[in-house]
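Input: a single structure, listed below in structure tokens.
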Protein chains: 2
Amino acid sequence: MNKKQVTAEHHHFPWDHPRFRSWIAVARACQLMQQTLTRELAHLDIKPPHLDILINLYRFDGITQQELARKLLVGRSNMSMLLPQLEKRGLIKRRGDARDKRVLRLSLTPAGRTLTEEAMEIQTALIEKSLTGSPIEDCMTVAQSMERIIATLLKEDGD
Amino acid sequence: MNKKQVTAEHHHFPWDHPRFRSWIAVARACQLMQQTLTRELAHLDIKPPHLDILINLYRFDGITQQELARKLLVGRSNMSMLLPQLEKRGLIKRRGDARDKRVLRLSLTPAGRTLTEEAMEIQTALIEKSLTGSPIEDCMTVAQSMERIIATLLKEDGD
DNA sequence: ACATCATTGTACAACGATGAACAAAAAGCA
DNA sequence: TGCTTTTTGTTCATCGTTGTACAATGATGT
């Protein structure tokens with residue numbers, strides 16, 4: 001009931017808000033994870049963006065470039081730049097669809113599948129190592145929060 | 001004790017691991033948040049990387065480029081590319097240190113301070129809006145998990 | 001059938017981020 | 001003092017990402 005409270009009850013700065021601090025931590029962790037993954041994938045001569053592509057081709061064989069770009073939250077032009085590289089390296093195959101001559105359907109070659117499995121091994125190991133300090137239920141809480149964020153941001157995006 | 005269990009007890013795929021799925025959600029949320037923030041900052045003619053710089057100059061007046069780069073987890077060369085732009089726009093000031101003639105000490109101009117406050121308002125609003133679905137205690141859990149990840153990844157980085 | 005609009009992939013210029021090589025200044029050490 | 005090593009910032013070539021403009025194909029409506 002004196003001066004102390006007056007200064008304590010004001011939250012002028014963003015970094016005093018718990019949600020703000022929380023998000024900054026998320027962003028930095030993400031950045032660090034990307035950098036570390038980049039280093040650990042170096043000897044396979046691929047980078048996180050390539051791995052994202054390969055994993056999705058592994059899961060969804062025959063997907064189109066458009067669908068792939070939407071899953072990865074990147075532009076179509078991005079795929080047009082990266083996919084020919086992977087194709088030249090013999091990791092993926094692109095063949096036109098008979099019914100819709102606009103689309104190119106994507107799939108992994110045997111070499112691509114092998115490389116993807118090696119890379120996923122590395123990524124999984126890195127994630128497990130980084131998250132061993134957090135109990136599974138905390139990971140579930142994190143996942144739920146993140147899914148809510150994704151839903152919120154996607155909703156106002158496609159209006 | 002028959003065939004069913006044999007296939008069920010194997011977790012071949014990364015996306016079956018809860019920690020893996022959890023991290024994928026983190027990465028996608030981060031990506032989306034960045035894109036949304038980029039759009040909402042557009043009318044101020046700055047992008048998330050610039051805002052990161054400005055906020056740190058707001059908090060830590062007189063910081064050097066090296067210290068700034070370390071806080072942002074980017075290379076020194078990155079700062080050498082971005083800071084001259086902000087200086088030409090009259091948002092920051094760079095002046096040499098008398099005692100150590102190598103370093104440049106950074107500070108915001110009045111115009112830079114004003115712009116930073118506007119931009120922080122936007123970012124804070126976006127974060128609050130995206131996280132309103134998550135109770136504060138969940139945010140704290142998220143923050144703790146992320147700080148652990150950061151600590152883990154930084155530890156093996158600076159060895 | 002025809003015109004119009006939407007969708008899919010590409011080409012290109014602009015920009016941010018990186019790592020390596022470099023110059024200048026400081027720090028450590030003989 | 002003089003020599004080496006470390007630190008700080010810059011420059012440059014390279015690469016991923018974006019947005020825009022474009023061509024080809026498909027879908028829609030009259």
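Atom set for the values below is all heavy atoms of this structure, side chains included, hydrogens, waters and symmetry mates excluded. Below, chain A is the first sequence line, B the second, and so on; all start at residue 1.
Distance CD (B:E67) to P (D:dT8): 8 Å, rounded to an integer number of Å. Remark: P of D:dA27 and NZ of A:K101 are 12 Å apart, rounded to the nearest angstrom. Between the CZ atom of A:R95 and the P atom of C:dT8 there is a distance of 18 Å, rounded to whole Å. If you take CG of A:D45 and P of D:dG16, they are 10 Å apart, rounded to a whole angstrom. One interatomic measurement links the two molecules: CD1 of A:I53 to C1' of C:dG9, which rounds to 14 Å at whole-angstrom precision. Remark: P of D:dT11 and CE of B:M79 are 15 Å apart, rounded to the nearest angstrom. Regarding A:I46, its CD1 atom lies at a distance of 12 Å from the P atom of D:dG16, rounded to whole Å. The NZ-P distance, from B:K47 to D:dT17, rounds to 15 Å in whole Å.
A sub-4.0 Å separation between OP1 or OP2 of C:dA17 and a side-chain N or O of A:Q31 is absent. A close approach under 4.0 Å does occur between a side-chain nitrogen or oxygen of A:Q66 and OP1 or OP2 of C:dT8. Distances shown here put a side-chain N or O of A:Q35 below 4.0 Å from the OP1 or OP2 atom of C:dT18. Contact annotation: A:Q85 does not reach the phosphate of D:dC15 (side-chain N/O to OP1 or OP2, under 4.0 Å).
Comparing B:P84 and A:V74 along DNA chain D, the residue whose closest nucleotide (by nearest heavy atom) sits nearer the 5' end is B:P84. Mapping B:R76 and A:T64 onto DNA chain C by nearest heavy atom places A:T64 at the nucleotide closer to the 5' end. If B:L83 and A:G75 are placed on DNA chain D by their nearest nucleotide, the residue sitting closer to the 5' end is B:L83.
If you check every strand for non-hydrogen atoms under 4.0 Å, B:R94 touches sugar and phosphate atoms only. Contact annotation for B:Q34: no contact, since no heavy-atom pair falls under 4.0 Å across all strands. Among the atoms of the strands shown, base atoms are found under 4.0 Å from some heavy atom of A:N78. Residue B:R99 is in sugar-phosphate contact alone, with no base atom involved, counting any heavy-atom pair closer than 4.0 Å across all strands shown.
Not a single donor-acceptor pair, N or O on each side, falls under 3.5 Å between the base of D:dG26 and the side chain of A:R102. Contact of B:S77 with C:dG19 (side chain to base): a donor-acceptor pair of N or O atoms is detected under 3.5 Å.
By the neighbour-count criterion of 12 heavy atoms within 6.0 Å, atom NZ of A:K129 is densely surrounded, having more than that number from other residues, nucleotides or ligands. Shown here is A:R70, whose CZ atom has no more than 12 heavy atoms of other residues, nucleotides or ligands within 6.0 Å.
Side-chain proximity of B:V103 to C:dA25, D:dG9, D:dT17: nearest is D:dG9.
Note on B:V26 and B:L126: same hydrophobic cluster, where clusters join Ile, Leu, Val, Met, Phe, Trp and Tyr whose side-chain heavy atoms are under 4.5 Å apart, directly or indirectly.
Judged by distance alone, the side chains of B:R95 and B:S107 do bring a donor and an acceptor atom under 3.5 Å apart.
Taking every heavy atom of both residues into account, A:D138 and B:S145 meet most closely at CB-OG, 4.1 Å.
Rounding to the nearest 0.5 Å places CD1 of B:I46 at 10.0 Å from CD1 of B:I53.
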